[in-house]
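Before any comments, here is the structure.
FYI, side chains are in, hydrogens and waters are out, and symmetry mates aren't considered; it's all heavy atoms of this structure.
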Amino acid sequence: MNITRPRLRTTVPTALIAAAALLALSACSTSDDSNGSAPAGSSGKTVDVRIPDPGNSGVLALGKKDGSLDKALGKVGARVKWTGSAGPFAPAAQAMNADQLDIATGSITSGITSLSQRPGFQFFTAVDPDAKGEGILVRDGSGIESVADLVGKKVAVNQGGTGEYLLLKALAKEKIPADQVERVYLRPDQTAAVFNAGQVDAWAVWATYAVAEIGSGKAHFLADGEAIGSDNYSLNAVRTGFAEQHPAVVKALYDYLHTASVKEKKDPAAYLNVFTDVGPTAVTGKAKEVQTEITAKSGTVDPIGPEDIARFESVAAFYAEQKVTKEKVDIAAHLLDVEKLT
């Protein structure tokens, strides 16, 4: 795999990065290869890589369906153990800390708040901020036409994560004091009904949830990530103990994700509705068009470089300034140089 990265990248592949998961079960990091179906590592055992189930879209979903991910990991004596389901990064971080999960995906914003607690993980890849797939949603006909119109309004956000960051960043850019807008803390998977019922005036959110709302033809972005000036990278995290024990597996996973993200950007439709094109997990109609357009403009999974770190640090400083965290979190101490892994 070519791991030479451009110095400038574009946006985040939203179909690729499913948000990370809260796990209910723990599992061993290695298992006996009793039936010979998986290649063995140097110890004679196959390394199980615990990753949240990817759902119906994205490169991990396709890798699960066609077996290509296990094939790639098999070259270094590993295989995937799908466990849990996609969800917010904060509980996934807790699961990594508890040795229940090895890999998770999340934003730098939620990563910072998780690092401010008891971090047992490191970030090893970066995907550029999502210029078009994240932002502040408002309902069509709401009368809210600018960020300034949010003064005195209620905005749904996920606490300490992407939503709260996007709102605070948008307000700061317009020099509007944060306390002039009411933040309503809600889980993103519980917000759509509240938003559509008019119980909040706007919703700061990312593509995983925004695509369906925009695709419905009843909502639009008041300001997207580009207009806000978002530095909200998407990152892949690995449990620290796993990275120390199995660096070659982490490198192989990175190689797979990078190559697959390049392919997804070129042909987004091939990574949608991987298992089914009907039901609640399917992306259909206008929403499918919206998602395809966002992914086509997306970036790829790359190593973390100096320019990325500088932007991570700016987010950490902003969170401390906005009192989302008690102090500035040291991001650099929790980054892994995937290009040096062997």
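- Between the Ser114 side chain and the Ser110 main chain, a donor and an acceptor come within less than 3.5 Å of each other.
- Without hydrogens or angle criteria, Lys263 side chain to Pro268 main chain gives no donor-acceptor distance under 3.5 Å.
- Residues Leu73 and Arg79 are not in side-chain contact: their nearest non-hydrogen atoms beyond the backbone lie 4.5 Å or more apart.
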Requested in this report: Could you walk me through whether Asp224 and Lys132 pass the salt bridge (Lys or Arg N to Asp or Glu O under 4.0 Å) test, one step at a time?
Outcome: CA-CA 6 Å; Asp224 61 18; Lys132 298 300 180 184; 3.4 Å; yes
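- No side-chain donor from either of Tyr165 and Gln322 sits under 3.5 Å from a side-chain acceptor of the other.
- Here the side chain of Thr300 pairs no donor or acceptor atom with the backbone of Ser261 at under 3.5 angstrom.
- Contact between Leu253 and Leu69 at its shortest, heavy atoms only, is CD1-CD1, 4.0 Å.
- Residues Glu213 and Asn196 bring a donor and an acceptor atom of their side chains to less than 3.5 Å of each other.
- At a cut-off of 3.5 Å, with distance as the only test, a side-chain donor of Ser107 or Thr162 sits close to an acceptor on the other residue.
- Under the 4.5 Å side-chain criterion, counting only non-hydrogen atoms from C-beta, Asp337 is not in contact with Phe124.
- We find the CG-CD1 distance between Leu167 and Ile136 to be 5.0 Å, quoted to the nearest 0.5 Å.
- The CD1 atom of Ile103 sits 10.0 Å away from the CZ atom of Arg50 when rounded to the nearest 0.5 Å.
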Report task. Report the C-alpha distance between Arg239 and Asp102 in whole Å, list the side-chain angles of each, state the deciding distance to 0.1 Å, and finish with yes or no for salt bridge (Lys or Arg N to Asp or Glu O under 4.0 Å). Result -> CA-CA 5 Å; Arg239 182 172 58 82; Asp102 299 312; 3.0 Å; yes
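- Of the possible donor and acceptor atoms, one in the side chain of Thr113 sits under 3.5 Å from a partner among the backbone N and O of Gly160.
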**Report entry** Worked verdict on His220 versus Ile214 for side chain to side chain contact (heavy atoms under 4.5 Å, CB included)
**Finding:** CA-CA 6 Å; His220 63 277; Ile214 296 172; 5.7 Å; no
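- A donor atom on one side chain and an acceptor atom on the other are found under 3.5 Å apart for Asp66 and Ser68.
- Gln190 CD: more than 12 foreign heavy atoms inside a 6.0 Å radius.
- In this structure, Lys64 is positioned above the aromatic face of Phe275, its NZ or CZ under 6.0 Å from the six-membered ring centre and within 45° of the axis.
- When atom types are taken as modelled, the side chain of Lys265 and the backbone of Ala296 share a donor-acceptor pair closer than 3.5 angstrom.
- Residue Ile176 is grouped with residue Val138 when hydrophobic side chains (ILVMFWY) are merged at heavy-atom distances under 4.5 angstrom, including chains of intermediate members.
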Query raised in the report: Should Ser230 and Leu166 be marked as a side chain to side chain contact (heavy atoms under 4.5 Å, CB included) after you check the CA-CA gap, both sets of side-chain angles, and the distance that decides it?
Result: CA-CA 7 Å; Ser230 172; Leu166 292 172; 3.9 Å; yes
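- Of all heavy-atom pairs between Leu101 and Pro52, the closest is CD1-CD, 3.6 Å.
- Side-chain contact check for Glu164 and Asn158: no donor-acceptor pair (N or O, by modelled atom type) lies under 3.5 Å.
- Under the 4.5 Å side-chain criterion, counting only non-hydrogen atoms from C-beta, Phe312 is in contact with Leu335.
- Linking Ile, Leu, Val, Met, Phe, Trp and Tyr residues whenever their side-chain heavy atoms come within less than 4.5 Å places Val238 and Trp82 in a single cluster.
- Within the 4.5 Å cutoff, the side chain of Ile294 has heavy atoms near those of the Val211 side chain.
- Between Val329 and Ala316, the closest heavy-atom pair is O-CB, 3.6 Å.
- Grouping the Ile, Leu, Val, Met, Phe, Trp and Tyr side chains by contacts below 4.5 angstrom, directly or via other members, places Val76 with Leu341.
- Within a 6.0 Å radius of NZ in Lys328, other residues, nucleotides and ligands contribute more than 12 heavy atoms.
- Considering all non-hydrogen atoms of both residues, Tyr254 and Val301 come closest at CE1-O, 3.7 Å.
- A distance of 12.5 Å separates OG in Ser314 from CD1 in Ile309, rounded to the nearest 0.5 Å.
- Using a 4.5 Å cut-off between side-chain heavy atoms of Ile, Leu, Val, Met, Phe, Trp and Tyr, with links allowed through other members, Leu137 and Val194 fall into the same hydrophobic cluster.
- Note: Trp203 and Tyr209 have tilted aromatic rings, judged against thresholds of 30 and 60 degrees for the angle between ring planes.
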**Report entry** Val315 vs Ile112, side chain to side chain contact (heavy atoms under 4.5 Å, CB included): CA-CA, chis, key distance, verdict
**Finding:** CA-CA 8 Å; Val315 177; Ile112 286 170; 3.4 Å; yes
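- For the pair Val155/Asp201, no side-chain contact is recorded, criterion being any heavy-atom separation below 4.5 Å from C-beta on.
- Between Ala219 and Phe195, the shortest heavy-atom contact is CB-CE2, 4.0 Å.
- The distance from atom OG1 of Thr295 to atom CD of Glu264, rounded to the nearest 0.5 Å, is 5.5 Å.
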Query raised in the report: What's the verdict on side chain to side chain contact (heavy atoms under 4.5 Å, CB included) for Val181 and Leu171, showing C-alpha distance, side-chain angles and the deciding distance?
Result: CA-CA 9 Å; Val181 177; Leu171 295 176; 3.8 Å; yes
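- Side-chain contact of Asp308 with Tyr233: a donor-acceptor pair under 3.5 Å is present, judged by distance alone.
- Between Thr105 and Phe89, every side-chain heavy-atom pair lies at or beyond the 4.5 Å cut-off.
- Expressed to the nearest 0.5 Å, how far CG of Asp70 lies from NZ of Lys81 amounts to 12.0 Å.
- Side-chain atoms of Arg311 never come within 3.5 Å of backbone atoms of Asn232 as a donor-acceptor pair (strictly under, hydrogens ignored).
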Would you give me the side-chain donor-acceptor pairs under 3.5 Å for residues 142-149, sequence neighbours excluded?
{"residue": "Ser142", "atom": "OG", "partner": "Arg139", "partner atom": "O", "Å": "3.1"}
{"residue": "Ser142", "atom": "OG", "partner": "Ile144", "partner atom": "N", "Å": "3.2"}
{"residue": "Ser146", "atom": "OG", "partner": "Ala148", "partner atom": "N", "Å": "3.4"}
{"residue": "Ser146", "atom": "OG", "partner": "Asp149", "partner atom": "N", "Å": "3.4"}
{"residue": "Ser146", "atom": "OG", "partner": "Asp149", "partner atom": "OD2", "Å": "3.4"}
{"residue": "Asp149", "atom": "OD2", "partner": "Glu145", "partner atom": "N", "Å": "2.9"}
{"residue": "Asp149", "atom": "OD2", "partner": "Ser146", "partner atom": "N", "Å": "3.1"}

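- Ring-plane geometry between Phe121 and Phe123 is classed as perpendicular, the angle between the planes exceeding 60 degrees on a 0 to 90 degree scale with a lower cut at 30.
- Heavy atoms only, all atoms of each residue included: Ala282 and Asn273 are closest at CA-OD1, 3.2 Å.
- Take Thr276 and apply the side-chain contact (heavy atoms from CB on, under 4.5 Å) test, not counting sequence neighbours, and it matches Asn56, Val278, Thr281.
- Seen from the ring of Phe318, Lys169 counts as a face-on cation partner, given the 6.0 Å and 45° thresholds.
- Taken from CG in Leu235 to CG in Leu336, the straight-line distance is 12.0 Å, to the nearest 0.5 Å.
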